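Working notes for the structure below.
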Amino acid sequence: MVEAVDPDEASRRAREAGLVFQREDPLNCETPLGALIGGSVMPTRRFYVRNHFQIPRLDPSSWRLEVGGLVERPSSLSLLDLHNMRSLTLTVTMECAGNGRALLDPPTDGEQWGLGAVSVAEWTGVPLVDVLERAGVKAAAEEVLFRGADGGTVAARSGVTRFERSLSVEAARDPDVLLAYAMNGEPLPVEHGYPLRLVVPGWYGVAAVKWLTEIEAIGSPFTGFFQVDRYIYEWERDRRVVREPVTLQRVRSLITEPSPDGEVEPGVLAVRGVAWSGAGLIARVEVSVGDGNWEAARLVGDQQGYGWHRWELITRTRKAGGTTLRARATDLAGNTQPERPEWNRLGYGSNAIHEVSIRVR
Ligand SMILES: Nc1nc2c(c(=O)[nH]1)N[C@H]1C(S)=C(S)[C@@H](COP(=O)(O)O)O[C@H]1N2
Ligand SMILES: [Mo]
């Protein structure tokens, strides 16, 4: 196995940045809600971290990306080779499929994420399709498999399981899927996949394999642990369990201001937040104050690429005392947030309407 980053070192950095801890080892922490507002990207040190295993420390001089399997021209690319290829920079929202899991009732297994397992960054790298074209994916290939350098033991599987995920050849050929080596204009930090990670715009974060070392074109559907044992919705529909892979981020908005349990002055009330969806741009965000009607919030500025859309509603407080703010986003594909999260056994895609309690003085 490769050398691991000292867990104390990684958690000290996360603590200094004010991240909210789920677990120290492997390091898992979320962005504080109030930090989600402000810019169109999240400063890198405050970007949430989701790791299944210890963080591998890869040596950039010996690191290679092996491209093989069902391809005409297997290759081994160095970082310099990748830097010398066409680059693309995209603003992309990353969200863990487990974001909001703590709101599920009854609780499910898995990290009990609040609502901060989401962030936006500007990612720079080589379009994956360019690397696939160079290698020449054979017609017999069905999927492209991405292998990270990290691994460990997992439930009900023997030996060491690497972090591996696949995409269909069609999804992998999307011109915006990146082999990213930079985040917010700097080399990827070790927590976020140094020296190379996949970024799949619109998809839940699990697709974005960090510490990438191998790409393999394969002829049948991949059945690894993180593909079929986890990151699967198990919905109950008509008394039957339906299994469906976790793919696109479900539409969601978050209220970032005022902060939960905050106190506000009577009179003018500014409600602000962010909204995003993997299925398309945000069409509208509506806010309700107390038991009031839904009011349309204003979408602020342009949405940057696949980043989130900031929104605000300037309204008035109704009366003194406790009240509830709710925000509901709808995307251009017509998806809207449900009143209650749709419970599923492994607790993914919990995107119910965000509710924040405040007190009017
Ligand atoms: N190699 C590897 N890649 C990984 C993971 C991992 O544990 N190992 N976690 C995935 C999950 S579930 C998420 S949500 C994102 C989180 O990326 P971040 O830590 O940069 O926020 O990385 C994905 N890529
Ligand atoms: Mo995730």
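Read the numbers this way: they start at 1 and go in the same order the structure lists the ligands and their atoms. Everything quoted here is computed from the prediction, not taken from an experiment.
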Query - Set of residues that line ligand 1, where lining means a heavy atom lies under 4.0 Å from it - result: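 Lining ligand 1 at under 4.0 Å, by heavy atoms, one finds F47, Y48, V49, R50, N51, H52, C96, D150, F163, H192, R197, G205, V206, A208, V209, K210, W211, Y231.
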Query raised in the report: Using 30° and 60° as the class limits, which term best fits the ring planes of Y348 and Y231: parallel, tilted or perpendicular?
Result: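 Ring orientation of Y348 relative to Y231: parallel.
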Query raised in the report: Is the H192 ring parallel, tilted or perpendicular to the F47 ring (thresholds 30°, 60°)?
Result: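 Rings of H192 and F47: perpendicular, over 60°.
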Requested in this report: Verify, without hydrogens or angle tests, whether E143 (side chain) and F222 (backbone) share a donor-acceptor contact under 3.5 angstrom.
Outcome: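 Yes, the answer is positive, given that a donor and an acceptor are paired below the 3.5 Å cut-off.
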Report task. Kindly say whether P106 contributes a backbone atom to a donor-acceptor pair with the side chain of W343 at under 3.5 angstrom? Result ->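 Checked: pair present.
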Requested in this report: Assess whether side-chain hydrogen bond (donor to acceptor under 3.5 Å, both in side chains) is satisfied between E30 and Q22, documenting all intermediate values.
Outcome: CA-CA 7 Å; E30 56 188 286; Q22 282 294 331; 3.1 Å; yes
Requested in this report: Report the residues that fulfil side chain to side chain contact (heavy atoms under 4.5 Å, CB included) with R284, sequence neighbours left out, ordered by chain and then residue number.
Outcome: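 R284: side chain to side chain contact (heavy atoms under 4.5 Å, CB included) contacts with E286, T330.
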